[in-house]
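Below, each value reflects all heavy atoms present in this structure, side chains not excepted, and no hydrogens, waters or symmetry copies. Numbers here are sequence positions counted from 1. Note that the structure is a prediction, hence the values are computed from the model and not measured.
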Amino acid sequence: MKENIVESKSLDFAVRCVNLYKYLNSEKKEYILSKQLVRSGTSIGANIKEAIRGQSNADFLSKMSISLKEANETEYWLTLLTKTNYITDFQSQSMIDDCNELIALLISITKTAKQNIEKQKTNNK
């Protein structure tokens with residue numbers, strides 16, 4: 001079976017979010033922002049996984065759109081953790097880059113899915 005790049009990248013990113021969550025809890029004693037980060041960061045991949053096994057094209061688009069929203073939220077939490085000095089620019093940059101890569105992939109996927117749904121509607125008329 002061919003590797004699904006967005007699925008594997010989102011899983012790798014989720015692992016990084018969990019590891020950052022553990023670090024922030026144990027080393028920085030930060031419990032609020034890190035919980036938000038781990039929730040949104042792991043939700044990206046969970047929704048992608050659901051989308052891939054979606055019941056319809058509309059279901060696929062809906063789950064991928066949720067993944068995109070979660071990725072945007074995750075980028076916000078990473079930026080906030082950096083600006084509040086819980087993590088350094090150096091610590092956050094790689095994760096922000098990975099998050100932005102996921103965002104770009106998800107924008108492309110949702111745009112294509114919308115176009116495909118519109119084509120399908122036009123063909124069914």
Peer 1: What's the shortest heavy-atom distance between G54 and D59, and which atoms?
Peer 2: CA-OD2, 3.3 Å

Peer 1: Do you know the tightest heavy-atom contact between S34 and L24?
Peer 2: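 Residues S34 and L24, closest heavy atoms: CB-CD1, 3.7 Å.
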
Peer 1: Any side-chain heavy atom of Y21 within less than 4.5 Å of one from L37?
Peer 2: no

Peer 1: Membership question, hydrophobic clusters at under 4.5 Å side-chain separation (ILVMFWY): are Y76 and L33 in the same one?
Peer 2: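 Same cluster: L33 reaches Y76 through Ile, Leu, Val, Met, Phe, Trp or Tyr contacts under 4.5 Å.
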
Peer 1: With rounding to the nearest 0.5 angstrom, report the OH to CD distance, Y23 to E30.
Peer 2: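 Spacing of OH (Y23) from CD (E30) equals 11.5 Å.
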
Peer 1: Taking S108 for the side chain and A104 for the main chain, is one N or O donor matched with an acceptor at less than 3.5 Å?
Peer 2: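 No; judged by distance alone, with no hydrogens or angles, the pair does not exist.
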
Peer 1: For a quick test of reading the model, state the closest non-hydrogen atom pair linking A51 to F60 and the distance between them.
Peer 2: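 Here A51 and F60 meet closest at O-CD1, 3.2 Å.
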
Peer 1: Are the side chains of I48 and M64 in contact, using a 4.5 Å heavy-atom criterion?
Peer 2: yes

Peer 1: Remaining members of L61's ILVMFWY cluster at a side-chain heavy-atom cut-off under 4.5 Å?
Peer 2: I117

Peer 1: Measure the shortest side-chain to side-chain distance between S94 and R16 over non-hydrogen atoms and say whether it is less than 4.5 angstrom.
Peer 2: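 Contact flag for S94/R16 side chains = yes.
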
Peer 1: Using a 4.5 Å cut-off on heavy atoms from C-beta on, say whether the side chain of L20 contacts that of L78.
Peer 2: yes

Peer 1: To the nearest 0.5 Å, what is the distance between CD1 on I107 and CG on N72?
Peer 2: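 Output value for this atom pair is 7.0 Å.
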
Peer 1: Are N116 and N57 close enough that some pair of their side-chain heavy atoms sits under 4.5 Å apart?
Peer 2: no

Peer 1: Quick one: do L68 and I96 end up in the same hydrophobic cluster if we chain Ile, Leu, Val, Met, Phe, Trp and Tyr together by side-chain heavy atoms under 4.5 Å apart?
Peer 2: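 Yes: a chain of side-chain contacts under 4.5 Å links L68 to I96.
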
Peer 1: For the CD1 atom of I87 and the CD atom of Q93, what is their distance to the nearest 0.5 Å?
Peer 2: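 Here the rounded value is 10.0 Å.
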
Peer 1: Could you tell me which non-hydrogen atom of N47 sits nearest to which non-hydrogen atom of S67, and how far apart they are?
Peer 2: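 Between these two residues, the closest heavy atoms are CB-OG, 3.0 Å.
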
Peer 1: Measure from the side-chain N and O atoms of K29 to the backbone N and O of S26, and report whether any donor-acceptor pair falls under 3.5 Å.
Peer 2: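 At least one qualifying donor-acceptor pair exists.
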
Peer 1: Would you compute the distance between atom CG of L81 and atom OG1 of T88 and round it to the nearest 0.5 angstrom?
Peer 2: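 Separation between the atoms: 11.5 Å.
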
Peer 1: Atom OG of S65 and atom CD of E70: how far apart are they, to the nearest 0.5 Å?
Peer 2: 12.0 Å

Peer 1: Do the side chains of I44 and I103 join up, straight or via other hydrophobic residues, at under 4.5 Å, putting them in one cluster?
Peer 2: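 In one cluster with I44: I103, yes.
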
Peer 1: Do L106 and I52 belong to the same hydrophobic cluster, where Ile, Leu, Val, Met, Phe, Trp and Tyr are linked whenever their side-chain heavy atoms lie under 4.5 Å apart, directly or via other members?
Peer 2: yes

Peer 1: Can you measure from CD (Q91) to OH (Y86) and round to the nearest 0.5 angstrom?
Peer 2: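 Interatomic distance, Q91 CD to Y86 OH, rounded to 0.5 Å: 13.5 Å.
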
Peer 1: Side-chain contact test, heavy atoms from C-beta onward, threshold under 4.5 Å: evaluate it for E73 versus Q36 and give yes or no.
Peer 2: yes

Peer 1: List the atom of S10, the atom of G45, and the distance in Å for their closest heavy-atom pair.
Peer 2: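 Minimum heavy-atom contact is OG-CA, 3.3 Å.
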
Peer 1: Of all heavy-atom pairs between C99 and F13, which one has the smallest distance, and what is that distance?
Peer 2: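 Taking every non-hydrogen atom into account, CB-CZ, 3.7 Å.
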
Peer 1: In the structure I gave you, are the side-chain heavy atoms of M95 and C17 within less than 4.5 Å of one another anywhere?
Peer 2: yes

Peer 1: Are any of the side-chain heavy atoms of K22 and N19 separated by less than 4.5 Å?
Peer 2: yes

Peer 1: Quick check on F90: does its CZ atom have over 12 non-hydrogen neighbours (other residues, nucleotides or ligands) under 6.0 Å away?
Peer 2: no

